[in-house]
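Written out below as structure tokens is the structure these notes cover.
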Amino acid sequence: MTTDGFTTCLWFDGQAEEAAHFYVSVFKNSSVGKIARYPEGAPQAAGTVMTVEFTANGHRFLGLNGGPEFTFTEATSFMLFCENQEEIDYYWSKLTENGGEPGPCGWLKDRFGVSWQIVPDRLDAMITDPDPAKAARVTQAFMAMSKFDIAALEKAYAGE
């Protein structure tokens, strides 16, 4: 087995190159790599993008223009753990722009239908706190949120 980690393949219906450039614009440590095109006689039009390699936030991806047979669902999502509200606001704004959709509890879909969870990095510690009252207050607070509000979560945690 390779020791280089994983490459995530994302199946698109013609938007793989557009998506790669979008993700590279959102995340640091990102770049677009090789682009392969469909040859004559392939299931897609000759010369159109078949695959595009890209790195987003240091993670390797392959965008595949496979057609309309498969679409993204919330069953798979990418989690972004954020240090502060500024990071949450940045990623929330960028990933919901131009047709993305906010969802509940820190979830959203970007304009390509890919699901993301934009989460304060401290959330796990709060909801697993040994004090069940603290964990319950934080859980109740975040269940009512769309985009996470760290100040409100901290207040709930403190019992304010």
Side-chain angles (χ1 to χ4, degrees), residues 1-128 138-139 142-150 153:
M1 179 193 271
T2 181
T3 58
D4 290 342
F6 295 96
T7 298
T8 301
C9 180
L10 299 174
W11 180 294
F12 295 93
D13 184 16
Q15 309 95 347
E17 186 175 17
E18 177 187 350
H21 286 288
F22 171 68
Y23 297 131
V24 166
S25 77
V26 171
F27 298 102
K28 294 177 184 175
N29 193 21
S30 302
S31 61
V32 174
K34 295 179 196 170
I35 297 175
R37 300 193 178 276
Y38 278 104
E40 292 290 334
Q44 304 290 335
T48 61
V49 172
M50 179 171 54
T51 62
V52 57
E53 297 176 5
F54 65 100
T55 301
N57 202 31
H59 184 86
R60 294 183 317 213
F61 291 90
L62 178 78
L64 167 67
N65 281 327
E69 294 83 18
F70 300 110
T71 58
F72 299 110
T73 74
E74 292 83 354
T76 301
S77 62
F78 294 100
M79 296 180 76
L80 295 174
F81 292 95
C82 300
E83 282 184 39
N84 53 49
Q85 193 65 46
E86 183 180 10
E87 281 189 358
I88 288 174
D89 294 346
Y90 170 80
Y91 288 118
W92 193 270
S93 173
K94 289 293 187 182
L95 292 169
T96 58
E97 73 184 7
N98 298 321
E101 301 173 14
C105 304
W107 289 62
L108 62 84
K109 282 186 187 179
D110 67 29
R111 67 183 182 222
F112 303 102
V114 175
S115 291
W116 298 84
Q117 296 180 58
I118 313 303
V119 182
D121 58 8
R122 184 160 149 59
L123 182 65
D124 185 58
M126 289 191 279
I127 63 173
T128 60
V138 171
T139 301
F142 86 68
M143 294 295 281
M145 295 179 183
S146 181
K147 177 176 72 171
F148 281 126
D149 178 337
I150 293 175
L153 293 171

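One is the number of the first residue; the rest follow in order along the sequence.
Nearest heavy atoms, F61 versus L10: CD2-CD1, 3.7 Å. Residues E40 and A46 come closest through the heavy atom pair OE2-CB, 3.3 Å. The two residues V49 and N65 have their closest heavy-atom pair at O-ND2, 2.9 Å. Across all their heavy atoms, C82 and Y91 have their closest contact at SG-CD1, 3.9 Å. Taking all atoms of both residues into account, the shortest heavy-atom contact from S25 to Y90 is O-OH, 4.0 Å. Heavy-atom minimum distance, G67 versus W11: O-NE1, 2.8 Å.
In the model, N57 has no side-chain atom that pairs as donor or acceptor with a side-chain atom of Y23 under 3.5 Å.
Aromatic rings of F27 and W116 (six-membered ring for Trp) have centroids within the 6.0 Å cut-off, being under it. Annotation: F112 is not in aromatic contact with F72 [ring centroid separation under 6.0 Å not met].
When the shell of 6.0 Å around CD of E97 is examined, it contains more than 12 heavy atoms from other residues, nucleotides or ligands. Within 6.0 Å of the CD atom in E69, the count of heavy atoms belonging to other residues, nucleotides or ligands exceeds 12.
Using a 4.5 Å heavy-atom threshold, the side chains of F78 and I118 count as separate. Inter-residue side-chain proximity for L153 and P120 is flagged as met; some heavy-atom pair is nearer than 4.5 Å. The closest side-chain heavy-atom distance from T8 to H59 is below 4.5 Å. Put simply, the side chain of V114 does not reach to within 4.5 Å of the side chain of L95, judged on heavy atoms.
Separating the CG atom in D121 from the CE atom in M79 is a distance of 11.0 Å, to the nearest 0.5 Å. To the nearest 0.5 Å, the span separating CD on E101 from CG on L108 amounts to 9.5 Å. Atoms OG and NE2, on S31 and H21 in that order, are 10.5 Å from each other to the nearest 0.5 Å. Summarising the geometry, atom CZ belonging to R111 is positioned 5.5 Å from atom CD belonging to E18; distances are rounded to the nearest 0.5 Å.
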Tell me, with the steps shown, if T55 and S30 meet side-chain contact (heavy atoms from CB on, under 4.5 Å). CA-CA 5 Å; T55 301; S30 302; 5.5 Å; no

Between L123 and I127, does the side-chain contact (heavy atoms from CB on, under 4.5 Å) criterion hold? Intermediate values first, please. CA-CA 6 Å; L123 182 65; I127 63 173; 4.0 Å; yes

Evaluate the side-chain contact (heavy atoms from CB on, under 4.5 Å) criterion for residues C105 and M145: first the C-alpha distance (whole Å), next the side-chain angles of each, then the deciding distance (0.1 Å), finally the verdict. CA-CA 5 Å; C105 304; M145 295 179 183; over 6 Å; no

Checking side-chain contact (heavy atoms from CB on, under 4.5 Å) for the pair I88/I150: CA distance, chi angles, key distance, verdict? CA-CA 9 Å; I88 288 174; I150 293 175; 3.6 Å; yes

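Every residue two or more places apart in sequence or in another chain that forms a side chain to side chain contact (heavy atoms under 4.5 Å, CB included) with A36 is listed here: M50, T51. Taking the side chain to side chain contact (heavy atoms under 4.5 Å, CB included) definition, one finds that A45 meets it with T48, sequence neighbours left out.
Side-chain atoms of N29 never come within 3.5 Å of backbone atoms of A56 as a donor-acceptor pair (strictly under, hydrogens ignored). For the pair W107 (side chain) and S77 (backbone), a donor-acceptor distance under 3.5 Å is absent. Between the D110 side chain and the G100 main chain, no donor and acceptor come within less than 3.5 Å of each other. Under a 3.5 Å cut-off, the side chain of Q15 and the backbone N or O of D13 do form a donor-acceptor pair.
Between E74 and K109, at least one side-chain nitrogen of the basic residue sits less than 4.0 Å from a carboxylate oxygen of the acidic one, meeting the salt-bridge criterion. In this structure, K147 pairs ionically with D89, as a charged nitrogen and a carboxylate oxygen lie closer than 4.0 Å.
In this structure, R60 is not positioned above the aromatic face of F54 in the sense of NZ or CZ being under 6.0 Å from the six-membered ring centre and within 45° of the axis.
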